[in-house]
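Please read the structure below before turning to the comments.
Naming convention: chains lettered A, B, ... in sequence-line order (proteins, then strands); numbering from 1 in each chain. No hydrogens, no waters, no symmetry mates; every other heavy atom, side chains included, goes into these values.
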2 protein chains.
Amino acid sequence: MNELQINIATDSKLYFKDPESSDLGKRIVEHGIEMIHELGYESFTFKKLGDRIHSNESSIYRYFESKHAFLIYLLNWYWSWIEYKLVFATTNMESAEDKLETAIQLLTEEVKEDTSFTFINEFILNKIIIIESSKAYHTKGVDKENEKGFYKTYKRVVQRVCDFVLEVNPTFDYPHMLVSTIIEGAHHQKYFSDHLPALTDCEDGKNNIVKFYKQLVKDVLRK
Amino acid sequence: MNELQINIATDSKLYFKDPESSDLGKRIVEHGIEMIHELGYESFTFKKLGDRIHSNESSIYRYFESKHAFLIYLLNWYWSWIEYKLVFATTNMESAEDKLETAIQLLTEEVKEDTSFTFINEFILNKIIIIESSKAYHTKGVDKENEKGFYKTYKRVVQRVCDFVLEVNPTFDYPHMLVSTIIEGAHHQKYFSDHLPALTDCEDGKNNIVKFYKQLVKDVLRK
DNA sequence: CAAATATGATAGTAATACTATTATATTTGC
DNA sequence: GCAAATATAATAGTATTACTATCATATTTG
């Protein structure tokens with residue numbers, strides 16, 4: 001049987017022309033992800049990307065307003081994908097505890113490639129999210145962009161997990177804080193383990209990040 | 001009686017010429033902080049700073065290698081200052097629980113101005129740390145810079161708080177994870193409450209960030 | 001097959017993040 | 001008090017960035 005092929009819904013506010021609608025668009029996204037990973041966000045340019053895909057800087061600008069807009073697009077794609085995995089993994093689960101644990105697992109574990117989306121390498125995209133995503137919203141333009149809905153997929157994921165939290169403990173006062181602390185925290189811990197190990201307690205192959213946050217949730221929500 | 005006047009020790013690797021050693025150096029730091037806060041890190045330039053302080057771009061480059069190096073300098077100053085406050089606040093405290101609670105308070109509360117350091121506005125510097133500090137280490141150069149000790153003051157603060165954690169619960173496996181999760185988390189929550197409130201549960205004047213992380217520590221370390 | 005649309009090539013712009021050089025203050029050591 | 005040393009300022013220059021604008025050439029579609 002064939003694997004399920006799904007499209008992640010993206011918001012048309014995030015681009016001039018939908019990159020999924022053409023071969024060039026897909027190449028922009030596919031190799032854009034590669035290049036941000038290789039060069040880092042700062043050194044990545046549309047000019048370099050144009051060269052890599054044997055296309056032209058000006059053509060890329062017809063899809064995305066700016067490098068920043070491209071990053072926002074990737075972010076939204078990522079969180080929509082996570083949302084899809086979250087919903088898929090928790091539907092038909094009865095126990096709120098199980099749903100929450102599944103969610104925490106998904107948000108803190110290392111990402112593997114998902115063959116359902118041919119032109120996006122989720123494994124690399126996850127690395128980009130860990131390293132670069134804070135640059136997307138730590139800008140002077142956040143408030144306006146937030147109004148335009150640029151961060152809504154991330155907020156939606158947080159809200160879904162919040163709902164699980166409140167199912168487990170309806171009197172807990174800080175569900176959003178807890179969930180965003182875990183998501184951002186897990187990303188930081190992964191980054192620290194690779195680059196600033198004195199700030200974490202990770203050991204190879206031990207999944208300490210997942211363990212730590214799972215235990216944390218249990219401890220915090222214990223009534 | 002006069003207030004205590006202290007100098008925060010800074011590492012000479014962080015600059016070409018110590019900015020505290022001259023009037024110009026102090027103006028660079030003082031107004032540099034102001035301008036990063038006003039313009040954001042991306043739009044801040046040494047040229048604009050030169051204009052503001054009626055000095056010259058080239059003169060600023062004689063103090064700091066680059067804008068990035070300037071940010072790293074500010075980060076280190078900030079964490080040295082926090083370390084000083086941490087040590088000052090916890091000396092002579094007997095109970096490990098009290099020391100840890102004091103530390104969490106210090107790391108999660110809103111910063112007020114500290115008149116002990118005339119040319120640095122800690123209130124604004126704290127805002128810069130919250131918004132810009134992740135840009136300092138999320139770069140391709142982290143590993144080399146880490147080797148040179150560019151992040152050691154931050155690591156030292158984390159280690160000090162870790163020591164309190166282990167005093168409270170010597171068998172706890174993830175003290176560094178816990179402490180860095182709290183520090184980064186508190187910064188994120190503050191930023192979210194100002195710009196992406198759907199990701200947090202802050203209400204004006206309620207100190208929810210402090211409460212949340214204090215309770216979290218208690219829950220997590222409960223034996 | 002013409003018209004519409006997508007892509008490519010080229011050029012241009014203001015700004016950035018510097019480096020290099022030279023000139024002018026200011027400090028210091030004798 | 002003055003020369004030498006040092007700090008600062010002024011100016012110019014460079015490669016690159018993050019775009020915009022224009023025009024030419026493919027490709028698709030009705």
Practice prompt. For DNA chain D, find the residues of residues 46-59 of chain A with a heavy-atom distance under 4.0 Å and give them by number; none if there aren't any.
Written response: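 Residues of residues 46-59 of chain A under 4.0 Å from DNA chain D: A:Lys48, A:Glu57, A:Ser58.
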
Worksheet entry | Span of DNA chain D in contact with chain A (heavy atoms, under 4.0 Å) |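 Range of nucleotides within reach of chain A: D:dT17 to D:dA21.
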
Test your reading of the model: is there a side-chain donor-acceptor pair from [X] to the backbone of [Y], 3.5 Å cut-off?
X	Y	value
B:Ser43	B:Gly40	no
B:Lys135	B:Glu42	no
A:Asn121	A:Ile124	yes

Worksheet item: Distance under 6.0 Å and angle within 45° of the ring axis: does B:Lys13 meet both against B:Phe150?
Response: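 Judged by the rule (NZ or CZ under 6.0 Å from the ring centre, within 45° of its axis), B:Lys13 is not positioned above B:Phe150.
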
Just say parallel, tilted or perpendicular for the rings of [X] and [Y], cut-offs at 30° and 60°.
X	Y	result
A:Trp81	A:Tyr78	tilted
A:His138	B:His188	tilted
A:Phe46	A:Phe44	perpendicular

Practice prompt. If D:dA9 has a Watson-Crick or G-U wobble mate with both distances under 3.5 Å, name it; if not, just say none.
Written response: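 Result: C:dT22.
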
Item to complete: For A:Asp23 and for B:Lys67, find the nucleotide of DNA chain C with the closest heavy atom, then tell me which residue's nucleotide is more 5'.
Response: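 Counting from the 5' end, the first nearest nucleotide belongs to A:Asp23.
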
Rounded to whole Å, how long is the line connecting atom [atom1] of [X] with atom [atom2] of [N]?
X	N	atom1	atom2	answer
A:Ile28	C:dA6	CD1	P	13 Å
A:Glu42	C:dT16	CD	C1'	14 Å
A:Tyr61	C:dA9	OH	C1'	16 Å
B:Ile36	C:dA17	CD1	P	11 Å
B:Leu71	C:dA17	CG	C1'	15 Å
B:Tyr63	C:dC18	OH	P	19 Å

Discussion item. Tell me if the centroids of the rings in A:Phe64 and A:Phe16 come within less than 6.0 Å of each other.
Written reply: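 Not close enough - the centres of the two rings lie 6.0 Å or further apart.
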
Worksheet item: If you check the A:Arg62 side chain, which of C:dA17, C:dG8, C:dA6 turns out closest?
Response: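 Ranking C:dA17, C:dG8, C:dA6 by closest atom to the A:Arg62 side chain puts C:dG8 first.
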
Worksheet item: Do NZ/NE/NH1/NH2 and the carboxylate oxygens of A:Glu122 and A:Lys112 come within less than 4.0 Å?
Response: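 Salt bridge flag = no for A:Lys112 with A:Glu122.
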
